[in-house]
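See structure below.
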Number of protein chains: 2
Amino acid sequence: MNIGEVAKRAGLPPKTIRYYEDIDLIRPQRSANGYRSFRESDVHKLTFLGRARALGFTIEDCRILLGLYEDETRESAQVKEIAAQHLVSIDEKIAQLRSMRDTLAELVRACHGDDRPDCPILSDLSGQG
Amino acid sequence: MNIGEVAKRAGLPPKTIRYYEDIDLIRPQRSANGYRSFRESDVHKLTFLGRARALGFTIEDCRILLGLYEDETRESAQVKEIAAQHLVSIDEKIAQLRSMRDTLAELVRACHGDDRPDCPILSDLSGQG
DNA sequence: CCTTGAGCTTCCAGTGACTGGAAGGGTTAT
DNA sequence: ATAACCCTTCCAGTCACTGGAAGCTCAAGG
């Protein structure tokens, strides 16, 4: 299977797949003409990677998860540990964004937004609010 | 004022301040010895930048906001427009993170997390959930 | 006067996870 | 044969810094 078809099936751009090979996440074989030749197992791995990345796991998380995915004897506790840690960091990110959002929403609300020059948003940012 | 003191007062690392000069956000003067020499107005601008960045505005947003901040005749509508757009993109980011969080939380909940190898998290990621 | 240590300078390189584009070779269909 | 499309590699750029090396300046202590 060439990279184009794999890309369609795994839902990832060819560029990304080449990049994943570059950083040793996958190791596709090569055809006589130099083209990458993917097996079904590569498609599975790439699908796995796409989903994990969509859930916000870092590449290094993915590398570990992929190792566990391929390890028949792994303990589910190891996987749960990584996922739970990631869950915490997502929650932190959400909390941080919410706080930013609330501050900004208040500033936007307070700004009359017309042709007058005085603006609570800039006042606040300059520390003169 | 040298960069060290400005850094303390504006709450930004010296490296970041040099970088901001590099990309023309600020233009500090120079002393005879080659050191950067900051005025009060530079400290104000850097404080402004620090706060805007903390609210998640991009550097390019900051460049525009800084321009408006220095323009005595700006219309508050222009500022409100940028802030409101940013608010929308924060809301989108939060929504996306929440969706990721919910999916992941469900997977973590479903994983028994012991020494057995079967794991709903990996099953789901592999598309065999 | 000399040294020590802190603070300043520039420049280069790396981060994460791709993405765009150029230059060139292979394949397929007409 | 030729067009159109696929594949290859390599280089550079993204964003907003951050780390580190090599070297200059300055203030204080002996």
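Scope of the values below: all heavy atoms of this structure, side chains included, with no hydrogens, waters or symmetry mates. Protein chains get the first letters and strands the later ones, always in sequence-line order, with residue 1 at the start of each.
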Who pairs with Glu72(B) by salt bridge (Lys or Arg N to Asp or Glu O under 4.0 Å), at least two apart in sequence or on another chain? none
Take Met1(A) and Glu40(A) through the side-chain contact (heavy atoms from CB on, under 4.5 Å) test and state the conclusion after the steps. CA-CA 9 Å; Met1(A) 207 182 325; Glu40(A) 282 301 317; 3.7 Å; yes
Hey, can you pull the residues of residues 5-32 of chain B with a non-hydrogen atom under 4.0 angstrom from DNA chain D? Pro13(B), Lys15(B), Thr16(B), Tyr19(B), Tyr20(B)
Can you list, by residue number, the residues of residues 88-104 of chain A that have a non-hydrogen atom closer than 4.0 angstrom to DNA chain C? none
Restricting to side chain to side chain donor-acceptor pair (under 3.5 Å), what partner residues turn up for Asp91(B), sequence neighbours left out? Arg101(A)
For Gly4(B), does its backbone N or O pair with a side-chain atom of Asn2(B) as donor and acceptor, under 3.5 Å? no
Nucleotides 24-30 of chain C: protein proximity per nucleotide (B base, S sugar-phosphate only, - neither; heavy atom, under 4.0 Å): -BBS---
Test: ring pair (Phe, Tyr, Trp, His ring centres under 6.0 Å). Region: residues 80-105 of chain B. Which pairs qualify, not counting sequence neighbours? Phe57(B)-His86(B)
Restricting to non-hydrogen atoms, name the atom on Pro120(A) and the atom on Leu107(A) that form the minimum distance, rounded to 0.1 Å. O-CD2, 4.0 Å
Quick one: list whatever passes side chain to side chain donor-acceptor pair (under 3.5 Å) with Arg36(B), sequence neighbours left out. Glu21(B)
Tell me, please, the opening and closing nucleotides of DNA chain D, 5' to 3', among those with an atom under 4.0 angstrom from a non-hydrogen atom of chain B. dA16(D) to dC26(D)
Going by heavy atoms closer than 4.0 Å, what residues in residues 49-63 of chain B are next to DNA chain C? none
So, the side chain of Arg74(B) versus the backbone of Tyr69(B): is there a donor-acceptor pair under 3.5 Å, distance only? yes
Using modelled atom types and a 3.5 Å cut-off, is there a donor and acceptor pairing between side-chain atoms of Asn33(B) and backbone atoms of Tyr35(B)? yes
Salt bridge check: are Glu60(A) and Arg63(A) linked by an N-O gap of less than 4.0 Å? yes
With Gln85(B), which residues qualify under side chain to side chain donor-acceptor pair (under 3.5 Å), at least two apart? Glu81(B)
Salt-bridge present (Asp42(B), Arg39(B); N to O < 4.0 Å): yes
Of all pairs that satisfy ring pair (Phe, Tyr, Trp, His ring centres under 6.0 Å), the ones with a partner from residues 6-28 of chain A, not counting sequence neighbours: none
Salt bridge (Lys or Arg N to Asp or Glu O under 4.0 Å) filter on Asp71(A), not counting sequence neighbours, yields none
Please evaluate residues Ser76(B) and Asp118(A) with respect to the criterion side-chain contact (heavy atoms from CB on, under 4.5 Å), reporting the C-alpha separation (whole Å), side-chain torsions for both, the decisive distance (0.1 Å), and the verdict. CA-CA 6 Å; Ser76(B) 62; Asp118(A) 53 308; over 6 Å; no
